[in-house]
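Working notes, structure below.
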Amino acid sequence: MAVDFHNVSSTIGFIILITSLGLFVNFSLTVFALFKKRWKFLKITESVEEGGLKHPHLLFGNLRELPPTEELRTMDFIHRNRSCENITRMWFGPFECVIIMISPEYVRLALANADTKETSFHHYLQSWLGDGLLFSGGAKWKRHRRLLTAGFHFEILRPYTDLFVESTRVFLDKLDQTKGEYIDVFNFVSLLALDSLLKCSCSYESNCQINEDNSYIKSVYTLIELFSDRLRFIPYYIDFVFRHSPMGRKYNSHCKIVHNHADAAIRERRAQLQRMEKGGSVDRKGKYVDFLDLLLKATDEDGHGLTDLEIRQEVDNFMFAGHDTTTSAISWCLYDLGRHPDYQQQCRQEIDDLLKDRGTDHLNWDDLKKLPFTTMCIKESLRIHPPVPSYARTLIKDVTLPDGLVLPQGTTVAVAPHITHLHPTYWKDPDVFDPSRFTLENSRDRHSHAFFPFSAGPRNCIGQHFAMNEVKIAVALTLRRFQISPDPDRPPIMLHRIVLRTLKGLYLRFTPRVGLP
């Protein structure tokens, strides 16, 4: 049979024409939607304070107005936005506008009416963390939040005190070996926080503070570092580019290591629970129930539990959310007390009085309520150096602000503890370290959202009591054994990353006390 090449050619040409028209229409609709979005936010932000920024450039938004280096951008972000009273905005390129809430009341409205957390973070972390509590939304988030809340009940947290003390003792023994030299405390505290998390999450005795040569530990650290590195290199924002880059391949290989380790732990624990037929809580050691136990036994009102994949994702979320944040909180608190030897000594005296005549430096659950001044110092450090300096939310419904401005559903809003906590309108002498701000009398009339280091609203930090207990124990026992002083030649330069870090380290000296009472 002869082939009619003319008809074939015409058909191919028609298909190409239709495909081209489809692509053109799709492209045109996309461009139209983007410019419609830009126009909408230009109208919304007409009355919004500019915070020293110009009208957004058609292509670059406000990006060209930012300082050239990370450390300068951090300071610019804090000081520029402190000039705004309630709300400001920032354009990231031509189409992405983030509304930044500053006043406590505006922060309250944002956090009370937001659901999903920052979508770009979720997108970049999805291959590692999946759709766990940290980034999920809607019905799934509500179900998981209900199931996990029991894991942070006071009776569950109580025995973790012993684990925190155990890990802190290893940390203090390592400080003893520094011989009074200035050290970057972030590195030491990071391993302390990881050690405690592994014990509390899955009873994993990693010995990571002594032996860092552990594939799981190395992979967790590597994933956190690679995630931060990806955010600093714009071409890696494109999944295809990142996935086929050396960094992307390295990231995926370490994801497999972390996932395989968690999957093996879950399989082993599930089999163990199935063999054990004792009623009530599962307690293998007679000491405590860990996070993995609770996840495996949790059931909703219909009697349905979590799948192994969901459990792994929640364990990974717990590790990610609890590691760097606690590291930052402890490290900055030690630094703040090092800068203020008078407050440091008051904390130390409080701890000495609590532990005198005991013959041991072991702190227990009931002791944590007997450190009021130390707790005030920790809160003041969290005010000046909040572990998570800023984060974004997506509004789930239209929100009318006190000035009459309406933010539509789907708007990305950012809240920044590092701005609100240091705003002169809401805090007198905001840059001064003053623990007395947190006496009952001084806190009584303060707006509930003037101080929110653990977020607020329905999506507040589920592990905030866990974190505060760990910080209290680490700070108290460190002050019990050491005098702390900062390195005058290497003052820290703050960096806003996922957590509040420093450019070149946070250097402190730990001098052993002579003649402990």
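Computed from a predicted structure; not experimentally measured.
- Separation of the F291 and F466 ring centroids does not fall under the 6.0 Å cut-off.
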*Would V499 and T327 count as a side-chain contact (heavy atoms from CB on, under 4.5 Å) if you check the C-alpha gap in whole Å, the side-chain angles of each, and the deciding distance to 0.1 Å?*
CA-CA 9 Å; V499 301; T327 297; over 6 Å; no
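- Here R169 pairs with nothing under the salt bridge (Lys or Arg N to Asp or Glu O under 4.0 Å) rule; sequence neighbours left out.
- Judged purely by distance below 3.5 Å, without hydrogens or angles, the side chains of D353 and Q349 pair a donor atom with an acceptor atom.
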*Evaluate the criterion side-chain contact (heavy atoms from CB on, under 4.5 Å) for residue pair L422 and R383; output intermediate values, then yes/no.*
CA-CA 8 Å; L422 295 175; R383 182 187 70 84; 3.8 Å; yes
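- Between D434 and K428 there is no salt bridge, since no side-chain N of the basic residue sits under 4.0 Å from a carboxylate O of the acidic one.
- Between L382 and P387, some side-chain heavy-atom pair lies under the 4.5 Å cut-off.
- Residues satisfying the side-chain contact (heavy atoms from CB on, under 4.5 Å) criterion with R339, sequence neighbours excluded, are Y335, D336, P486.
- Every side-chain hydrogen bond (donor to acceptor under 3.5 Å, both in side chains) that D176 has, sequence neighbours left out, goes to R481.
- Open room surrounds CD on E268; 12 or fewer heavy atoms of other groups in view lie less than 6.0 Å from it.
- Residues satisfying the ring pair (Phe, Tyr, Trp, His ring centres under 6.0 Å) criterion with Y216, sequence neighbours excluded, are H261.
- The distance from atom CG of L363 to atom CG of L477, rounded to the nearest 0.5 Å, is 4.5 Å.
- The closest donor-acceptor contact from the side chain of N317 to the backbone of L129 lies under 3.5 Å.
- With hydrogens and angles ignored, the 3.5 Å screen pairs no side-chain donor or acceptor of K174 with any backbone N or O of F188.
- Taking the side chain as every heavy atom from C-beta outward, S455 and C461 never approach each other to under 4.5 Å.
- Judged as a side-chain contact (heavy atoms from CB on, under 4.5 Å), and not counting sequence neighbours, the contacts of E155 are H153, R158.
- Residues R437 and R446 meet the side-chain proximity criterion, which asks for heavy atoms closer than 4.5 Å.
- Take S196 and apply the side-chain contact (heavy atoms from CB on, under 4.5 Å) test, not counting sequence neighbours, and it matches F164, S167, L192, E470.
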*Decide side-chain contact (heavy atoms from CB on, under 4.5 Å) for L133 and R145; before the verdict, give the C-alpha distance in whole Å, the side-chain angles of both, and the deciding distance to 0.1 Å.*
CA-CA 7 Å; L133 193 64; R145 178 82 180 204; 4.0 Å; yes
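- For the 3.5 Å distance criterion, the side chains of D367 and H362 fail to qualify, holding no donor opposite an acceptor.
- For the atom pair SG of C333 and CD1 of I484, the computed distance is 8.5 Å after rounding to the nearest 0.5 Å.
- Shown here are the ring pair (Phe, Tyr, Trp, His ring centres under 6.0 Å) partners of Y426, two or more places apart in sequence or in another chain: H423.
- Two rings, from F320 and W128, have their centers less than 6.0 Å apart.
- Open room surrounds NZ on K179; 12 or fewer heavy atoms of other groups in view lie less than 6.0 Å from it.
- The two residues I330 and A474 make their nearest non-hydrogen contact at CD1-CB, 3.8 Å.
- Separating the CG atom in L296 from the CD1 atom in I311 is a distance of 4.0 Å, to the nearest 0.5 Å.
- A distance-only check finds no donor-acceptor pair linking the side chain of H340 to the backbone of D342 [under 3.5 Å].
- Heavy-atom minimum distance, S219 versus V258: CB-CG2, 3.6 Å.
- When the side-chain contact (heavy atoms from CB on, under 4.5 Å) test is applied to T502, the partners found at least two apart in sequence or on another chain are F186, W332, P492, L506.
- Under the 4.5 Å side-chain criterion, counting only non-hydrogen atoms from C-beta, Y182 is not in contact with D489.
- F451 meets the ring pair (Phe, Tyr, Trp, His ring centres under 6.0 Å) test with H421, F438; sequence neighbours excluded.
- The existence of a salt bridge linking D431 and R82 is confirmed by a sub-4.0 Å separation between a basic side-chain nitrogen and an acidic carboxylate oxygen.
- The OG atom of S215 sits 9.5 Å away from atom CG of N260, with the distance rounded to the nearest 0.5 Å.
- With values rounded to the nearest 0.5 angstrom, I419 atom CD1 is found 4.0 Å from N81 atom CG.
- Heavy-atom minimum distance, K472 versus T375: CE-OG1, 3.3 Å.
- In this structure, S328 contributes its side chain and L500 its backbone to a donor-acceptor pair below 3.5 Å.
- For the atom pair NE2 of H144 and NZ of K142, the computed distance is 14.0 Å after rounding to the nearest 0.5 Å.
- Residues Q313 and L306 fail the side-chain proximity criterion, which asks for heavy atoms closer than 4.5 Å.
- A search for side-chain hydrogen bond (donor to acceptor under 3.5 Å, both in side chains) contacts involving D300 returns R143, not counting sequence neighbours.
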*Would L191 and F171 satisfy side-chain contact (heavy atoms from CB on, under 4.5 Å), going step by step from the backbone distance to the final call?*
CA-CA 8 Å; L191 289 171; F171 167 71; over 6 Å; no
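- Using modelled atom types, no side-chain atom of H385 and backbone atom of A329 make a donor-acceptor pair closer than 3.5 Å.
- The residues D308 and R312 are annotated as not salt-bridged, no charged nitrogen and carboxylate oxygen being separated by less than 4.0 angstrom.
- Using a 4.0 Å cut-off between charged nitrogen and carboxylate oxygen, D352 and R480 count as a salt-bridge pair.
- The side-chain heavy atoms of R269 and D290, taken from C-beta on, include a pair separated by under 4.5 Å.
- Looking at heavy atoms from C-beta onward, E310 lies out of side-chain contact with S136 at the 4.5 angstrom threshold.
- The backbone N or O of I384 lies less than 3.5 Å from a partner atom in the side chain of H418, making a donor-acceptor pair.
- Annotation for P389 and I498: closest pair CD-O, 3.9 Å, computed over non-hydrogen atoms.
- With a 4.5 Å cut-off on side-chain heavy atoms, K504 and R490 do not count as touching.
- Put simply, the side chain of Q344 gets close to the backbone of L337: a donor and an acceptor are under 3.5 Å apart.
- Considering all non-hydrogen atoms of both residues, C347 and L479 come closest at CB-CD1, 3.6 Å.
- Nearest heavy atom pair, residue I156 against residue V289, reads CG2-O, 4.3 Å.
- Take H465 and apply the ring pair (Phe, Tyr, Trp, His ring centres under 6.0 Å) test, not counting sequence neighbours, and it matches F154.
- Applying the side-chain hydrogen bond (donor to acceptor under 3.5 Å, both in side chains) test to K218 and every residue at least two apart in sequence or in another chain returns D213.
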